[in-house]
Amino acid sequence: MRTTNLYAPTLRETPAEAEVRSHQLMLRAGLIRKAAGGLYTYLPLAWRTIKKIEQIIREEMDEAGGQEVSMPILQPAEIWQESGRWAVYGDEMFRVRDRHGRQFCLGPTHEEMVTTLVRDEVRSYKQLPLMLYQIQNKYRDEIRPRFGLMRGREFIMKDLYSFDKDEEGMNESYRKMYDAYTRIYTRMGLDFRPVEADNGAIGGGHSHEFTVLADAGESSIACCTSCDYAASDEKAELNVIKAAEEELLPLEKKATPGANTIELVAGYLKLPIEKTIKAVAFQTDADELVLAFVRGDHEVNDVKVLNLLEGAIELRMADEEAIAEAGGCAGFMSPIGIKEGTRVIVDQTVMEMYNACAGANEKDVHYVNVNPKRDFPDAAVADIRMVRAGDLCPRCGGIIKMTRGIEAGQVFTLGTKYSEALRAVFLDENGREKPMQMGCYGIGVGRTMAAAVEQNNDEHGIIWPRAIAPFEVVVVPVNAKNPEQLELAEAVYNELKKARVDVLLDDRKDRAGVKFKDADLIGYPLRITVGPKAVDENAVELKVRRTGEILTASREEAAAKAVELLGKL
RNA sequence: CGGGGCGUAGCUCAGUUUGGUAGAGCACCUGGCUUGGGACCAGGGGGUCGUAGGUUCGAAUCCUGUCGCUCCGACCA
């Protein structure tokens, strides 16, 4: 490919609409252009990278036993009504009607489609396991599209679905996918972590998010500094922290006028914040009141709370009236004196506190010398707090640090949620009818590209990992109007092509500076410069984008040297 | 949907407070000169000032509606 034949409109200045680095760079480097909010055109450079990412994914999916298919993007409402999600999915689903008034949606995901496909064909355990995948556009009418390709309304996704005869098989499929994902992100040259994740409403199964580490990432993850434990902030498990044992003092009320926050109480009573107990009141979607208690310096993890509540779908902050009805007092709450039957959940660490301070369930009054094991021994106890930096790893006891990343892929087991709803059943070895055990596994392809840019750039532009660079090498004749230079550059270019290197010849008649700036901005891993020195001294120059390292080689050696350097990028 | 910010040339922005008839840099076209880090000189093209309405002799500027973009929150690949 020659630059004069490449549509890659680079921008000298950063467009005002882009806030995050990857979005800015992809616009500036001429990779993408916006068509409307959350909708982007992939220009030739971006599309080359997308195709490379897809190819890596395909190879690993096939290797793991997946088979590629292509299912319709336009999906009939019926199958969604059957699974019950037509009503649940809400405004996030794009819905359309055909000329007869029949309803369809633009697929936000394909569980319904793939499950109905499989149920009609698979009858026997002998036909399982089965793994089907596709790479295609998905549509979600996001509340707020943002960060360019990071969260679009149309985005490219690889989605694989596994079908197994039992849980053991499902877990085996899961493991294969986990391993395949690990190879995919490794091959792409990205710094990533498989992160234990909550799989929310589905419950029960496993889930990992494959998170590309980047400071601008949306997800906050807890990583152990000693072992390889990593979990999303809402998932991270925590061990009990035992306070030093103390003699139990008698419970006592103290007036704490206006002290309705933990900071105010601790300040007023001159107590360390670790000696206080904090309350958070929630209500479920069914209006049940739930009181959660954590140590004063901790935060309640509402996902953990929600997971403890059978049947609840979401939590919101409780109304003051509901709290008062249960005998509580907003801002001054404790489990002591709450009406019988009220849902109270106490963090495990709270149970190990001695002579602590908590609300007295009346305005402007707190208790001191609260001893949970004595004062509310019957409360439900669980791990309900949010992880924070400095906590101890639940696996090895090492120190946890918090990092940020971009969730580029996710794997999780679904169990029989969809196979039951859509009656995808088979006969097992004993002739008994059973629902299939499913798993689903997604990779955001465009998001992975954005994450790669987010993770690999400097003040001059993008620095592509070789495996997903739009071109591996750019050959730059310093002065393309000089026939000798151009001829030598073409010779190097042709040799690299022959060596099956993905190479671009920047044959534009612009000044060298322009071409160098573009090369840095677009971020080809390797640049080969052919200038006067090549003509006069037979010396061409190879520059590694990431390190800035410059090597020289003779014209004859240049291609071989480039191939050697690429091997290390 | 709630809360901020912004819509003026392809891009980045000035002009809006105090109404007087459209600007700069970059990009683009022509010619010249130049060719190792976004050159230079000369000439040129390009804007219903997001949009609709109102106030006014006169609106980019003031008022009202509306659309779009963007950031923060709930959602997610």
Side-chain angles (χ1 to χ4, degrees), chain A residues 9-20 23-24 27-28 30 33-39 53 57 89-93 107-110 135-160 181 197-201 207 209-212 217-219 232 302-303 314-317 406-412 440-451 460-461 476-482 485-486 508-521 527 529-535 539-541 543 548 550:
Chain A
T10 53
L11 302 174
R12 195 180 284 228
E13 282 170 289
T14 303
E17 67 183 47
E19 204 72 15
V20 298
H23 188 196
Q24 294 174 345
L27 287 168
R28 279 195 60 206
R33 286 293 181 265
K34 184 171 67 181
L39 299 173
I53 294 172
I57 293 173
Y89 225 97
D91 292 336
E92 204 171 307
M93 185 148 73
T109 177
H110 276 68
I135 302 176
Q136 65 162 202
N137 282 345
K138 293 284 182 277
Y139 294 83
R140 292 184 196 173
D141 195 358
E142 292 285 345
I143 301 166
R144 182 150 87 89
R146 61 178 144 173
F147 303 150
L149 256 35
M150 218 79 96
R151 179 186 302 284
R153 294 193 291 177
E154 174 185 84
F155 58 97
I156 305 168
M157 177 164 145
K158 185 285 302 182
D159 46 328
L160 183 143
Y181 273 45
D198 185 78
N199 52 352
S207 179
E209 291 169 359
F210 283 74
T211 300
V212 174
E218 288 186 278
S219 357
S232 68
D302 55 351
V303 172
E314 59 179 9
L315 291 177
R316 62 171 200 276
M317 287 302 167
I406 297 158
E407 185 194 333
Q410 181 163 23
V411 293
F412 53 93
C440 77
Y441 315 85
I443 292 181
V445 177
R447 186 183 277 189
T448 296
M449 172 166 71
H460 303 294
V476 181
V478 167
N479 181 357
K481 285 182 185 167
N482 175 315
Q485 284 182 30
L486 187 59
R508 289 176 297 174
K509 293 177 173 44
D510 288 292
R511 298 169 64 88
V514 173
K515 296 191 271 195
F516 292 159
K517 287 285 185 192
D518 270 354
D520 287 347
L521 176 59
R527 188 186 86 200
T529 311
V530 180
K533 274 178 277 184
V535 177
V540 305
E541 183 182 289
K543 184 174 184 188
I550 294 174

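Labels below follow one simple rule: chain letters A, B, ... track the order of the sequence lines, proteins then strands, and each chain is numbered from 1.
B/G65 and B/A74 have their C1' atoms separated by 29 Å, given to the nearest Å. Taking atom P in both B/U51 and B/A9, the straight-line distance is 10 Å, to the nearest Å. For the P atoms, the distance from B/C13 to B/U8 is 10 Å, rounded to whole Å. Across the C1' atoms, B/C49 and B/A14 are found 13 Å apart, a figure rounded to whole Å. Across the P atoms, B/G25 and B/G31 are found 22 Å apart, a figure rounded to whole Å. Spacing between B/U18 and B/A59 at atom C1', rounded to whole Å, works out to 14 Å. Straight-line distance between the C1' atoms of B/U16 and B/C63: roughly 14 Å, to the nearest whole Å. Separation of the P atoms belonging to B/G50 and B/A22 is 15 Å when rounded to the nearest angstrom.
For A/Arg146, the salt bridge (charged side-chain N to carboxylate O under 4.0 Å, His left out) partners two or more places apart in sequence, or in a different chain, are A/Glu218. Among residues two or more places apart in sequence or in another chain, the ring pair (Phe, Tyr, Trp, His ring centres under 6.0 Å) test is passed with A/Tyr441 by none. Every residue meeting the side chain to side chain contact (heavy atoms under 4.5 Å, CB included) condition with A/Val20, not counting sequence neighbours, appears here in chain and number order: A/Ser22, A/His23, A/Phe147, A/Glu454. Looking at residues two or more places apart in sequence or on another chain, you find a side-chain hydrogen bond (donor to acceptor under 3.5 Å, both in side chains) between A/Arg508 and A/Asp506, A/Asp518. Evaluation of the ring pair (Phe, Tyr, Trp, His ring centres under 6.0 Å) rule for A/Tyr139 yields no partner, not counting sequence neighbours. With sequence neighbours left out, A/Asp302 forms a salt bridge (charged side-chain N to carboxylate O under 4.0 Å, His left out) with no residue at all. Under the ring pair (Phe, Tyr, Trp, His ring centres under 6.0 Å) criterion, A/His110 pairs with no residue, sequence neighbours left out. Partners of A/Glu154 under the salt bridge (charged side-chain N to carboxylate O under 4.0 Å, His left out) rule, at least two apart in sequence or in another chain, do not exist in this structure. Listed by chain and residue number, A/Glu17 satisfy the salt bridge (charged side-chain N to carboxylate O under 4.0 Å, His left out) test with A/Lys34 (two or more places apart in sequence, or in another chain).
Nucleic acid contact for A/Asp520: base, since at least one base atom lies under 4.0 Å from a heavy atom of the residue. Using a 4.0 Å heavy-atom distance criterion, A/Arg508 is classed as making no nucleic acid contact. When heavy atoms are screened at a 4.0 angstrom cut-off, A/Asp518 is found touching base atoms of the nucleic acid.
We find that NZ of A/Lys517 is positioned 16 Å from P of B/C26, with the value rounded to whole Å.
For B/G36, there is no paired base (Watson-Crick or G-U wobble, both distances below 3.5 Å). Pairing for B/U30 goes to B/A42, judged as Watson-Crick or G-U wobble with the two contacts each under 3.5 Å. The base-pairing partner of B/C1, taking Watson-Crick or G-U wobble contacts with both distances under 3.5 Å, is B/G73. The partner of B/C6, taking Watson-Crick or G-U wobble pairs whose two distances both stay under 3.5 Å, is B/G68.
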Nucleotides 27-36 of chain B: protein proximity per nucleotide (B base, S sugar-phosphate only, - neither; heavy atom, under 4.0 Å): S------BBB

Nucleotides 72-77 of chain B: protein proximity per nucleotide (B base, S sugar-phosphate only, - neither; heavy atom, under 4.0 Å): BBBBBB

Nucleotides 8-15 of chain B: protein proximity per nucleotide (B base, S sugar-phosphate only, - neither; heavy atom, under 4.0 Å): ---BSS--

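Judged by distance alone, with hydrogens and angles left aside, the side-chain atoms of A/Arg140 form a donor-acceptor pair with the main-chain N or O of A/Pro108 at under 3.5 Å. For the pair A/Thr529 (side chain) and A/Val540 (backbone), a donor-acceptor distance under 3.5 Å is absent. Checking side-chain atoms of A/Arg447 against main-chain N and O of A/Met150 turns up a donor-acceptor pair under 3.5 Å.
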